[in-house]
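Here is the structure we will look at.
Naming convention: chains lettered A, B, ... in sequence-line order (proteins, then strands); numbering from 1 in each chain. Since we're looking at a predicted model, the values are computed, not measured.
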Number of protein chains: 2
Amino acid sequence: MTSDNLFAEEFFSFLTGKASTAMSRRLQRNLKESCVTITSEQWSLLYYLWNEEGLTQQELANLTFRDKPSISRLINNLEKLKLVIRVNDKGDRRTNLIYLTKEGRKIKTDCMAQASRTITEALDNVDRDKLKDAQHILETVYQNLR
Amino acid sequence: MTSDNLFAEEFFSFLTGKASTAMSRRLQRNLKESCVTITSEQWSLLYYLWNEEGLTQQELANLTFRDKPSISRLINNLEKLKLVIRVNDKGDRRTNLIYLTKEGRKIKTDCMAQASRTITEALDNVDRDKLKDAQHILETVYQNLR
DNA sequence: AGTTTTAGGTTGCTTATGCAATTAAACTAA
DNA sequence: TTAGTTTAATTGCATAAGCAACCTAAAACT
């Protein structure tokens with residue numbers, strides 16, 4: 001019984017990640033509505049690049065908790081969309097430094113606005129103090145498992 | 001400033017779902033270690049079927065917050081693995097009722113043990129009362145957006 | 001009954017994921 | 001300097017996801 005409750009109530013909601021799936025989908029929908037045709041996964045890379053350009057693919061992998069092949073292919077698609085470019089590092093020719101294009105920088109404002117809207121929609125009726133605790137727990141779980 | 005902190009601290013950890021990604025990966029790793037070769041997504045369908053057989057694909061879609069095509073293909077793969085079977089409903093020939101095979105029922109014990117282990121690993125150092133609040137928040141976010 | 005609408009599933013297309021194996025550059029050590 | 005190891009990135013393979021379009025069976029309307 002305890003075991004079953006444990007699954008049903010404590011584990012399953014986390015495992016399935018329904019909340020974060022719902023957030024991703026809503027973000028993507030909001031972006032589309034504002035005519036920015038990127039996926040939420042692409043958004044998550046751009047998010048870090050808007051903060052700091054010239055990151056390596058390995059750094060992006062660590063930041064977003066994806067493996068290197070995933071980043072490699074995400075960058076491929078972002079390059080196709082002309083939003084970023086790979087610049088081979090002169091100092092260490094194994095690494096690519098990822099920079100935003102003019103277009104990549106330009107869409108930041110729109111994207112952040114839609115992200116902000118998504119937050120507002122998501123956090124309706126959510127207690128802000130408890131939210132902090134929740135984030136802390138998610139961070140602990142992540143640290144426990146990564 | 002408030003806006004940026006909002007992203008960095010409140011939103012981003014939710015959006016990326018790093019905790020749930022980490023849990024899924026660990027579950028899959030644990031399952032593999034116990035020689036059960038299913039994915040965490042397949043696990044999430046089986047989880048409901050272990051509780052109640054004869055669900056329709058639409059019901060599974062609602063329960064797991066996936067769309068119909070996703071369920072259709074997950075069932076395809078579970079059928080290939082001989083873990084479930086589709087049974088066309090005599091009463092309503094549009095619907096398939098999904099049942100476990102003997103093998104599908106057999107692996108329940110192992111799978112639940114590995115899920116239990118994954119929980120234990122995930123929730124190390126997590127305050128149980130705050131965990132309840134966190135789940136409640138995730139549920140609210142989900143309800144806000146679905 | 002006959003037509004329209006709704007509901008359950010499947011297929012096509014594109015994107016994203018993880019793991020394993022590979023290439024090529026850089027570092028370490030003999 | 002060369003042999004062996006580590007590191008960054010890519011490629012191959014299989015699974016999974018969402019959206020849109022489709023098909024067929026059931027239900028609802030007239």
Side-chain angles (χ1 to χ4, degrees), chain A residues 16-18 20-33 37-46 54-62 64-81 83 86-98 145-146, chain B residues 16-18 20-33 37-45 54-81 83 86-98 145-146:
Chain A
T16 57
K18 280 203 264 185
S20 65
T21 303
M23 297 245 297
S24 296
R25 295 223 280 254
R26 178 63 64 92
L27 174 62
Q28 201 151 335
R29 203 178 83 186
N30 288 344
L31 286 170
K32 190 178 179 182
E33 213 178 285
T37 60
I38 61 171
T39 66
S40 60
E41 292 85 357
Q42 290 166 359
W43 189 94
S44 74
L45 284 197
L46 291 174
L55 296 170
T56 67
Q57 297 186 195
Q58 182 61 60
E59 287 168 336
L60 285 167
N62 295 338
T64 61
F65 193 46
R66 290 180 172 90
D67 67 358
K68 285 182 290 186
S70 294
I71 299 299
S72 192
R73 282 151 177 153
L74 277 175
I75 302 282
N76 287 348
N77 289 337
L78 284 169
E79 270 196 326
K80 272 184 215 154
L81 294 171
L83 296 175
R86 287 176 165 93
V87 176
N88 194 254
D89 188 353
K90 299 291 179 200
D92 182 345
R93 277 155 49 221
R94 290 171 304 178
T95 70
N96 296 326
L97 307 179
I98 311 301
L145 298 181
R146 90 201 159 85
Chain B
T16 57
K18 281 203 264 186
S20 65
T21 303
M23 297 246 295
S24 297
R25 295 223 279 254
R26 178 63 63 92
L27 174 62
Q28 202 151 334
R29 202 178 83 187
N30 288 344
L31 286 169
K32 189 179 181 182
E33 212 178 287
T37 60
I38 61 171
T39 66
S40 60
E41 293 85 357
Q42 290 166 359
W43 189 94
S44 75
L45 284 198
L55 296 170
T56 68
Q57 298 185 196
Q58 183 62 59
E59 285 169 337
L60 286 168
N62 295 337
L63 287 167
T64 61
F65 193 47
R66 290 180 172 91
D67 67 358
K68 288 181 289 184
S70 295
I71 298 300
S72 192
R73 283 153 176 152
L74 278 174
I75 302 282
N76 287 349
N77 289 336
L78 285 169
E79 271 195 326
K80 273 185 214 153
L81 294 170
L83 295 175
R86 286 177 167 91
V87 176
N88 194 254
D89 187 354
K90 299 290 180 203
D92 181 346
R93 277 155 49 222
R94 289 172 305 178
T95 70
N96 296 327
L97 307 179
I98 311 301
L145 299 180
R146 91 202 161 84

Item to check | Whole angstrom value for the distance that separates C1' of D/dA9 from CD of A/Glu59 | outcome: 14 Å
Checklist entry - Under 4.0 Å between a side-chain N or O of A/Thr39 and OP1 or OP2 of C/dA16? => result yes
Item to check | Closest to the A/Arg66 side chain, choosing from C/dT17, D/dA8, D/dT10 | outcome: C/dT17
Checklist outcome for this item: In whole angstroms, the gap separating P of D/dA9 from CG of A/Asn88 amounts to 9 Å
Item to check | A/Gln42 side chain near C/dA16 phosphate (N/O to OP1/OP2, under 4.0 Å) | outcome: yes
Checklist entry - Between B/Asn77 (CG) and C/dT11 (P), how many Å, whole number? => result 13 Å
Checklist entry - Is there a side-chain polar atom (N or O) of A/Gln28 under 4.0 Å from OP1 or OP2 of D/dA17? => result no
Item to check | Pairwise 5' ranking along DNA chain C for A/Phe65 and A/Asp89, keeping only the more 5' one | outcome: A/Phe65
Item to check | Whole-Å distance separating the NZ atom of A/Lys90 from the C1' atom of C/dA26 | outcome: 17 Å
Next on the checklist: Mind checking if B/Leu74 touches a base, just sugar-phosphate, or nothing, with heavy atoms under 4.0 Å?
Outcome noted: sugar-phosphate
Next on the checklist: I'd like to know if the side chain of A/Gln57 and the backbone of A/Asn96 have a donor-acceptor N/O pair within less than 3.5 Å.
Outcome noted: no
Item to check | Presence of A/Asn96 side-chain N/O under 4.0 Å of D/dA8 phosphate oxygens OP1/OP2 | outcome: no
Checklist entry - Nearest-Å distance, CG (B/Leu60) to C1' (C/dG8)? => result 13 Å
Next on the checklist: Using a heavy-atom cut-off of 4.0 Å across all strands, would you classify A/Asp67 as base, sugar-phosphate, or nothing?
Outcome noted: base
Next on the checklist: With nearest nucleotide decided by heavy atoms, which residue, B/Asp92 or A/Ile71, maps closer to the 5′ end of DNA chain D?
Outcome noted: A/Ile71
Checklist outcome for this item: B/Leu55 CG to C/dG9 C1', in whole Å, measures 16 Å
Next on the checklist: For a quick test of reading the model: is some side-chain N or O of B/Ser72 closer than 4.0 Å to OP1 or OP2 of C/dT10?
Outcome noted: yes
Item to check | Backbone of A/Leu60 reached by a side-chain donor or acceptor of A/Thr64 within 3.5 Å | outcome: yes
Item to check | Derivation of the side chain to side chain contact (heavy atoms under 4.5 Å, CB included) call for B/Ile71 and B/Lys68 | outcome: CA-CA 5 Å; B/Ile71 298 300; B/Lys68 288 181 289 184; 5.8 Å; no
Item to check | Upstream residue (5' side of DNA chain C) when A/Arg93 and A/Lys80 are each assigned their closest nucleotide | outcome: A/Lys80
Checklist entry - Below 4.0 angstrom from OP1 or OP2 of C/dT22, is there any side-chain N or O of A/Lys68? => result no
Next on the checklist: Is it the case that the base of D/dT24 and the side chain of B/Arg94 share a donor-acceptor contact (distance under 3.5 Å, atom types as modelled)?
Outcome noted: no
Checklist entry - Tell me: CD1 of B/Ile38 to P of D/dA16, nearest whole Å? => result 10 Å
Checklist outcome for this item: When B/Leu83, B/Leu63, B/Leu78 are each screened for side-chain contact (heavy atoms from CB on, under 4.5 Å) with B/Leu45, the one that passes is B/Leu78
Checklist entry - Is the shortest side-chain N/O distance from A/Arg86 to OP1 or OP2 of D/dT10 below 4.0 Å? => result yes
Checklist entry - Between the base of D/dG12 and the side chain of A/Arg73, is there any donor-acceptor pair under 3.5 Å? => result yes
Checklist entry - When you look at A/Asn62 and A/Arg146, which way does the side-chain hydrogen bond (donor to acceptor under 3.5 Å, both in side chains) test go after all the steps? => result CA-CA 11 Å; A/Asn62 295 338; A/Arg146 90 201 159 85; over 6 Å; no
Item to check | Side chain of B/Lys32 (C-beta onward), nearest among C/dT17, C/dA20, C/dT10 | outcome: C/dA20
Checklist entry - For the pair made of CD in A/Gln58 and P in C/dA25, what is the distance, rounded to whole Å? => result 18 Å
Checklist entry - Between the main-chain N or O of B/Arg86 and the side-chain N or O of B/Glu79, is there a donor-acceptor pair closer than 3.5 Å? => result yes
